[in-house]
2 protein chains.
Amino acid sequence: MESATETTSIDTLFDDLDRASPVPLYFQVSKRLESAIRSGHLAAGAKLENEVSLGERLGISRPTIRRAIQELVDKGLLVRRRGVGTQVVQGPVTRQVEFTSLFDDLRTSHQNPSTRVLTFERVEAPSAFAEHLGVRQGSLVHHIRRVRLASEVPVAILENYLPITAIDLNREALTTSGLYAQLQAKGVTMRVAKQRIGARLATPEETELLSVDVGSPVLTMQRTAYDSAGAAVEYGTHCYRTDYYSFETTLVNR
Amino acid sequence: MESATETTSIDTLFDDLDRASPVPLYFQVSKRLESAIRSGHLAAGAKLENEVSLGERLGISRPTIRRAIQELVDKGLLVRRRGVGTQVVQGPVTRQVEFTSLFDDLRTSHQNPSTRVLTFERVEAPSAFAEHLGVRQGSLVHHIRRVRLASEVPVAILENYLPITAIDLNREALTTSGLYAQLQAKGVTMRVAKQRIGARLATPEETELLSVDVGSPVLTMQRTAYDSAGAAVEYGTHCYRTDYYSFETTLVNR
DNA sequence: AAGTGGTCTAGACCACTTG
DNA sequence: AAGTGGTCTAGACCACTTT
């Protein structure tokens with residue numbers, strides 16, 4: 001009798017589903033399953049109750065149940081096999097690379113983030129930026145450059161360009177929250193971002209700003225982000241201390 | 001009359017849909033849309049025909065059409081807005097980080113990949129590996145170490161550990177195809193992988209194997225991959241020349 | 001043969017955006 | 001007010017795996 005092949009059903013898990021809520025049903029179900037997995041109530045390898053009976057038990061149609069489960073499959077928390085069932089993945093449960101700013105990443109992991117604004121100006125778009133955003137070369141854009149610190153240790157240098165048409169930025173607010181939070185507050189929502197991660201040696205200026213030795217490597221990330229209308233709203237080129245930062249991703253094969 | 005707000009409908013695009021095919025309908029539709037976007041027949045910013053009418057025109061139900069579109073939204077090729085419609089994203093259309101090996105990446109971009117096998121042996125699992133895979137420390141595992149070359153230039157050093165229970169490896173085949181291709185051929189399918197990307201200075205041995213100067217940085221990637229049963233089947237720790245390799249990812253905010 | 005997930009249908013109602 | 005995507009239902013049939 002292997003516990004790994006035993007069907008697990010947590011009865012109290014879905015007691016507080018709210019059909020009147022604006023939060024979609026599939027999302028409520030998905031979140032409850034996710035927290036059950038992350039908290040260990042559903043152990044690695046545990047087999048889930050099958051879709052049909054789970055739907056009947058909760059009074060939810062099968063497509064809705066399927067969508068809830070699919071969310072977690074996409075996150076790499078569950079694995080489905082036709083003819084067999086659905087299981088919690090083995091191995092450490094990690095968080096996906098989310099669509100958040102470094103500031104939020106650090107705050108949620110209690111790293112006490114802070115920001116030093118080095119540059120805050122409007123400039124004519126350099127060609128490299130104009131090209132990434134389809135903005136006419138020479139048009140005015142925001143240019144900001146910041147050092148991000150975690151518990152007083154500098155971990156990254158963040159340089160960003162944004163079309164001035166997109167948003168009116170506030171220098172003071174940048175020191176107390178992330179750039180993305182400020183964009184969100186102004187009603188600008190990022191929908192798609194494309195990023196490239198690489199590495200190189202730190203420049204002399206970077207070694208000073210990051211307090212690292214000459215000859216140290218830095219992780220680099222270039223990102224272009226687009227809003228819901230498909231228009232580019234941000235181009236950033238960042239570099240990170242390698243001893244304080246790395247990127248985690250989860251890949252899922254459908 | 002902006003062309004970007006004009007509804008685009010490509011009539012000949014879906015002529016050869018095959019309902020008898022084992023390939024799902026939504027997948028056929030999705031692939032045809034994707035190639036229309038990548039080829040430029042659907043330009044950046046172009047507005048798609050709405051879901052309902054597209055479904056009626058093709059004789060396909062709306063949920064199936066929606067799923068086809070959702071695939072491309074998840075890939076970052078399309079953007080949907082309630083009350084507005086679906087558009088092709090602005091900006092360069094890039095490929096997602098796929099669940100493939102470096103070998104396949106290089107081959108599909110015509111980089112003429114080849115492999116030098118440095119190590120091919122069975123060893124007792126080092127603790128670092130045993131921990132990542134939940135294998136008992138001391139049990140036998142495959143240990144392979146390879147240099148990957150693209151057009152005769154060394155671009156990466158790949159070190160992998162695999163449980164011997166998972167698969168019987170062939171040293172010769174490793175020189176002519178990727179590790180993943182060999183696993184696939186033996187019926188082992190990767191479903192989920194978790195990876196961490198970082199950077200550091202190359203070790204003396206790595207500078208020699210990669211033909212780079214002393215003091216050069218390398219990109220590093222550690223990956224644990226799981227099969228459809230949720231069991232760990234591979235742990236790899238790789239390093240890449242920074243002047244020949246970088247990681248591209250697309251993030252989508254749902 | 002029984003049980004599972006994978007696909008597909010034909011509707012329904014709602015929330016949001018735009019004219 | 002009209003049009004769009006977002007959610008949800010209640011079925012159906014199929015492909016695959018295990019017993």
Side-chain angles (χ1 to χ4, degrees), chain A residues 2 4-9 17-31 47-74 78-88 187 189 191 227-230 253-254, chain B residues 1-2 4-9 17-31 47-74 78-87 187 189 191 227-230 253-254:
Chain A
E2 300 176 70
T5 61
E6 204 70 12
T7 294
T8 304
S9 100
L17 291 180
D18 179 8
R19 303 187 81 96
S21 162
V23 178
L25 256 184
Y26 75 86
F27 193 80
Q28 296 184 42
V29 173
S30 167
K31 276 303 176 198
K47 199 171 165 190
L48 229 64
E49 186 177 349
N50 79 70
E51 298 175 350
V52 180
S53 94
L54 186 57
E56 284 172 359
R57 209 159 57 77
L58 301 184
I60 295 176
S61 72
R62 188 180 165 207
T64 301
I65 290 289
R66 267 187 73 76
R67 174 149 187 196
I69 291 175
Q70 188 61 44
E71 294 270 318
L72 301 184
V73 171
D74 291 344
L78 292 176
V79 177
R80 283 205 273 218
R81 280 184 294 167
R82 189 192 311 219
V84 178
T86 305
Q87 280 178 291
V88 180
T189 307
R191 283 300 257 281
D227 68 8
S228 18
N253 219 1
R254 294 210 216 182
Chain B
M1 180 109 39
E2 301 176 67
T5 61
E6 203 70 13
T7 294
T8 305
S9 100
L17 291 179
D18 179 8
R19 302 188 82 96
S21 162
V23 178
L25 256 185
Y26 75 86
F27 194 79
Q28 296 184 42
V29 172
S30 167
K31 276 304 176 197
K47 199 172 164 188
L48 228 64
E49 187 177 347
N50 79 69
E51 298 175 350
V52 179
S53 94
L54 186 57
E56 284 172 358
R57 209 159 58 74
L58 301 184
I60 295 176
S61 73
R62 189 181 164 208
T64 302
I65 290 289
R66 267 187 74 76
R67 173 148 187 197
I69 292 175
Q70 189 61 44
E71 294 270 318
L72 301 184
V73 172
D74 291 344
L78 293 177
V79 177
R80 282 206 275 219
R81 279 184 294 166
R82 188 193 309 220
V84 179
T86 305
Q87 282 178 292
T189 306
R191 282 301 256 282
D227 68 8
S228 20
N253 218 0
R254 295 213 213 176

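Just so it is clear: chains get the letters A, B, ... in the order the sequence lines come, proteins before strands, and each one is counted from 1.
The separation between A/Leu25 atom CG and D/dT9 atom C1' is 11 Å, rounded to whole Å. Atom CD in A/Gln87 sits about 15 Å away from atom C1' in C/dG3, given to the nearest Å. As a whole-Å value, the separation of B/Ile65 CD1 from D/dT4 P is 14 Å. Atoms CG (B/Leu54) and P (D/dG3) sit 17 Å apart, rounded to a whole Å. A/Leu78 has its CG atom 12 Å from the P atom of C/dG6, to the nearest Å. The distance from atom CG of A/Asp18 to atom P of D/dC8 is 12 Å, rounded to the nearest whole Å. Rounded to a whole Å, the CD1 atom of A/Ile69 is 9 Å from the C1' atom of C/dG5. The separation between A/Leu58 atom CG and D/dA10 atom P is 14 Å, rounded to whole Å.
The side chain of B/Glu51 approaches D/dG6 more closely than any other nucleotide in the set D/dG6, D/dC8, D/dT7. Which of C/dA10, D/dT18, C/dG5 sits closest to the side chain of A/Asn50 comes down to C/dG5. Here the nucleotide nearest the side chain of A/Ile60, chosen from D/dT9, C/dT9, C/dT7, is D/dT9.
Toward the 5' end of DNA chain D, the nearer of the two residues A/Arg19 and B/Arg62, judged by each one's closest nucleotide, is B/Arg62. Each of B/Val84 and A/Val84 was matched to the nucleotide of DNA chain D holding its nearest heavy atom; the match closer to the 5' end belongs to B/Val84. Checking A/Pro63 against A/Gly85, the closest nucleotide of DNA chain C that is more toward the 5' end is the one next to A/Gly85.
For D/dT7, neither phosphate oxygen OP1 nor OP2 lies less than 4.0 angstrom from any side-chain nitrogen or oxygen of A/Thr64. Considering only side-chain N and O atoms, A/Arg80 lies under 4.0 angstrom from the phosphate OP1 or OP2 of C/dG6. OP1 and OP2 of D/dT4 both lie 4.0 Å or more from every side-chain N or O belonging to B/Arg66. Close to D/dT7, at under 4.0 Å from its OP1 or OP2, lies a side-chain N or O of A/Tyr26. Using a 4.0 Å cut-off, no side-chain N or O of B/Thr86 falls inside it from OP1 or OP2 of D/dT4. Contact annotation: B/Arg67 does not reach the phosphate of C/dC8 (side-chain N/O to OP1 or OP2, under 4.0 Å).
Within the 3.5 Å criterion, the main-chain N or O of A/Asp18 finds a donor-acceptor partner in the side chain of A/Gln28. In this structure, A/Arg67 contributes its side chain and A/Leu25 its backbone to no donor-acceptor pair below 3.5 Å.
Side-chain N/O atoms of B/Arg81 and base N/O atoms of D/dG6 include no donor-acceptor pair closer than 3.5 Å.
Across all their heavy atoms, A/Ile65 and A/Gly55 have their closest contact at CG1-CA, 3.6 Å. Closest of all the heavy-atom pairs between A/Gly59 and A/Arg19 is O-NH1, 3.3 Å.
No side-chain heavy atom of B/Arg81 sits under 4.5 Å from any side-chain heavy atom of A/Asp227.
To the nearest 0.5 Å, atom NZ of residue A/Lys47 and atom CG of residue A/Leu78 are 13.5 Å apart.
Using the Watson-Crick or G-U wobble rule with both distances under 3.5 Å, D/dT17 pairs with C/dA2. Both distances falling under 3.5 Å, in either a Watson-Crick or a G-U wobble arrangement, place D/dT9 opposite C/dA10.
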